[in-house]
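Here's the structure we're looking at; comments come further down.
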Amino acid sequence: MRVRRQKLQRLNELGVNPYPYNFKRTEYSTNILAEPNKYIGKEVSVSGRLMAIRGMGKAAFAHLLDSKGRIQIYVRKDQIGDENFEVFNLFDIGDIIGVSGEVFETRTGETTIKAAKIELLSKNLRPLPIVKEKQEGDKKVVYHQFADKELRYRQRYVDLIVNPEVRAVFVTRSRIISSMRRYLDGRGFLEVETPVLQPIYGGASARPFVTHHNTLDMDLYLRIADELYLKRLIVGGYDGVYEISKDFRNEGMDRFHNPEFSMMELYVAFEDYHWMMLLVEEMISSIAQEVVGEMKISNQGREIDLTPPWKRVTFFDIIEEYTDKNLYGKELEDLKKAAKDLNIDVDPSWRQGKIINEIFSEKVEPNLIQPTFVTDYPIELSPLAKKHRDDPKLVERFEPFILGGEIGNAYSELNDPLDQRERFMAQKKLIELGDEEAHVLDEDFLRSLEYGMPPTAGLGIGIDRLVMLFTDQPSIRDVIFFPQMRPEDK
RNA sequence: GAGGGUAUAGCUCAGCUGGUAGAGCAGCGGCCUUUUAAGCCGUUGGCCGAGGGUUCGAAUCCCUCUACCCUCACCA
């Protein structure tokens, strides 16, 4: 870094502003490389970061990286002049520069810009990790890869400069979200915003973050879900509302969990969960079509076919399929025995719902590779879902599974205010028993239901996991720009 | 929270059963006007994650701490 500061000084002496105000680019690297014949012989201006320099005395080749890709430039002393060449010799890898010149093809056939003028746009003072690549036939061999995960997450800007495939993952993420938004807008749903800071948190089973408002002198919670506010909007008379936003859950972190994560929630009046299943498979497959170009995606070496219709199985049927045990309507003791038979450890304090859920996640979930809707969950697990029309022990709920992971959650929403109050009371008992994640009673939400909420279908989709699926990334940290990290020690 | 792993130059890594720190790339100085992991010659660079201990002597052995990764637990 000391050397680079000296170069800065030298540049100043030469009358070069190392941090000028703008540069007029005429082309992106990729435009030129896509149609070389159209550009050869033409003047272009490009700008970007210097990623490699191969000097040869009075001439040099270099590679310039812009937001779309990289292109080679060729700098000759007799072309740009002595003064400009002296400035060029003060450039380092990592500098941001602008180049104007004519496009040509080198002896080895690489489309290249012959610089007529080259200027510094921003001086780099901190050396970049140097990554070298070599084309061997079809394979690209990468040398000195910048691979330290900790550094990559903490200094994502460096990761993005140096690892083009990381940049691509986040472009895909953005496309997935905009495709989803386009789909939902196209169906006439209204995108809305509801409070992040909530006096009572609700809509999911999770521990919240607590914060404090000084003027009101009260604690507020960062939302763990949007659900209860969005349903209030359905009470208010909108037919369909959705929100794409961050939720916050104060829980452990691993490759599927980040304390803040992105969620899409959708509520549609006068529909039920059967209708919502059709929407989910249509929406996800249309996103695939737009983003990937087809209904098939590959992940972890496996091919996933998203073409509707997806398989549908009921919760208890699929458990029986994988365990040979019918758990429907079983009492606590029977369930404990079943869990024991299946080698699943059960905490003595667990109740029916928890044990069944554990058996499901252990024995069934990992097997749900191709898209599958699991439907009709036991009532204890779902305090906000409507009772099944044919069976009061169940609720009308489904979860879509892909690659052994759940990517969403949906119900026919409970709109009976008396039933909802009873469910809250049952949750209250769980809280008293020490369950820190049970739902908290929300009196204002109940009041809204008492005014009358139409029959409603609701859906939540975990955006981060959907992106992991589409981009074949193994960890949620690879699809979030700045994943939560412990502070760096100084 | 438990177990395992990793931490050495700007980057990627080597360093044996303890003997006083190494390579490639980058950097710096030369040579070089079609190279592409450019090449050739020369050269700088290190609190070996932090702290403590054992030892004549520690990057190496022991303990503590910190961060990250993996697995499990908790958890959508």
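A, B, ... follow the sequence lines: proteins, then strands. Residue 1 opens every chain. As a basis for the values below, the full set of heavy atoms in this structure was taken, side chains included, without hydrogen atoms, waters or symmetry mates.
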Interatomic distance, [X] [atom1] vs [N] [atom2] [rounded to whole Å]:
X	N	atom1	atom2	value
A:K58	B:G30	NZ	P	13 Å
A:F256	B:A73	CZ	P	13 Å
A:R126	B:C11	CZ	C1'	14 Å
A:E358	B:C75	CD	P	8 Å
A:E133	B:G24	CD	P	22 Å
A:Y74	B:U35	OH	P	9 Å
A:F146	B:A26	CZ	C1'	14 Å
A:E110	B:U35	CD	C1'	9 Å

Checking all strands, does [X] fall into the base, sugar-phosphate, or nothing category for heavy-atom contacts under 4.0 angstrom?
X	result
A:G55	base
A:E406	base
A:E105	nothing
A:Q79	nothing
A:A204	nothing
A:L128	nothing

Determine: side-chain N/O of [X] to OP1/OP2 of [N], distance under 4.0 Å, yes or no.
X	N	answer
A:R4	B:G10	no
A:K7	B:C28	yes
A:R486	B:C68	yes
A:K114	B:U34	no

Paired with [N]: which nucleotide, if any, by Watson-Crick or G-U wobble criteria at under 3.5 Å for both distances?
N	answer
B:U43	B:G27
B:U6	B:A67
B:U20	none
B:A38	none
B:C72	B:G1

Quote, to the nearest angstrom, the [atom1] distance that separates [N] from [M].
N	M	atom1	result
B:C16	B:A59	C1'	13 Å
B:C72	B:G18	C1'	36 Å
B:G19	B:U60	P	11 Å
B:C25	B:A9	C1'	12 Å
B:A73	B:U8	P	31 Å
B:U71	B:C63	P	26 Å
B:U44	B:G29	P	14 Å
B:A26	B:G45	C1'	11 Å

Residue whose closest nucleotide on RNA chain B lies nearer the 5' end, A:N409 versus A:Q72: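 First, find each residue's nearest nucleotide; the 5'-ward one identifies A:Q72.
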Could you check A:A52 against A:A59 and say which one's nearest nucleotide on RNA chain B is further toward the 5' end?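 On the 5' side of the pair lies A:A59.
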I need the A:R477 CZ to A:H257 NE2 distance, nearest 0.5 Å.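 Rounded to the nearest 0.5 Å, the CZ-NE2 separation comes to 11.0 Å.
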Ignoring hydrogens and angles, state whether a donor on the side chain of A:Y201 or A:D442 is under 3.5 Å from an acceptor on the partner side chain.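 Side chains of A:Y201 and A:D442: no pair found under 3.5 Å.
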Is a side-chain donor-acceptor pair under 3.5 Å present for A:Y242 with A:D226?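 There is no such pair (donor and acceptor under 3.5 Å, judged by atom type) between the side chains of A:D226 and A:Y242.
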Nearest to the side chain of [X] - [options]?
X	options	answer
A:K132	B:U33, B:U71, B:C25	B:C25
A:D254	B:U35, B:C74, B:A26	B:C74
A:E362	B:A73, B:A38, B:C69	B:A73
A:R477	B:C68, B:C70, B:U35	B:C70
A:Y153	B:C11, B:C69, B:U33	B:C69
A:M56	B:U35, B:C75, B:A37	B:U35
A:V3	B:U33, B:G27, B:C68	B:G27

Are there more than 12 heavy atoms of other residues, nucleotides or ligands under 6.0 Å from atom CD of A:Q9?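 Counting neighbours around CD of A:Q9, 12 or fewer heavy atoms of other residues, nucleotides or ligands fall under 6.0 Å, so no.
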Would you mind reporting whether A:Q420 and A:F445 have side-chain heavy atoms less than 4.5 Å apart?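 Answer yes - side chains close enough.
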Are A:R173 and A:I463 packed together at the side-chain level, in the sense that at least one heavy-atom pair is separated by less than 4.5 angstrom?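 Counting from C-beta outward, A:R173 and A:I463 do come under 4.5 Å.
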Tell me whether the side-chain N or O atoms of A:R54 pair up with the base of B:U35 as donor and acceptor below 3.5 Å, since no angle test is needed here.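 Yes, a donor-acceptor pair under 3.5 Å.
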Would A:D478 and A:R255 pass as an ion pair if we require N to O under 4.0 Å?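 Not counted as a salt bridge, because no side-chain N and carboxylate O are separated by less than 4.0 Å.
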Look only at the side chain of A:R49 and the backbone of A:G94, and say whether a donor-acceptor pair between them is shorter than 3.5 Å.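 Indeed, once roles are kept as given, a pair shorter than 3.5 Å links the two residues.
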With a distance cut-off below 6.0 Å to the six-membered ring centre and an angular limit of 45° from the axis, does A:R232 pair with A:Y229 as a cation-pi contact?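 Yes.
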Centroid separation under 6.0 Å, is that true for the rings of A:Y377 and A:Y273?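 For A:Y273 and A:Y377, the ring centres are not under 6.0 Å apart.
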Counting primed atoms, P, OP1 and OP2 as sugar-phosphate and everything else as base, the B/S/- map of nucleotides 2-7 of chain B against protein heavy atoms under 4.0 Å is ------
Test applied, ring pair (Phe, Tyr, Trp, His ring centres under 6.0 Å); reference residue, A:F360; option that passes from A:F316, A:F401, A:Y322: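 When A:F316, A:F401, A:Y322 are each tested with A:F360, the ring pair (Phe, Tyr, Trp, His ring centres under 6.0 Å) holds only for A:F401.
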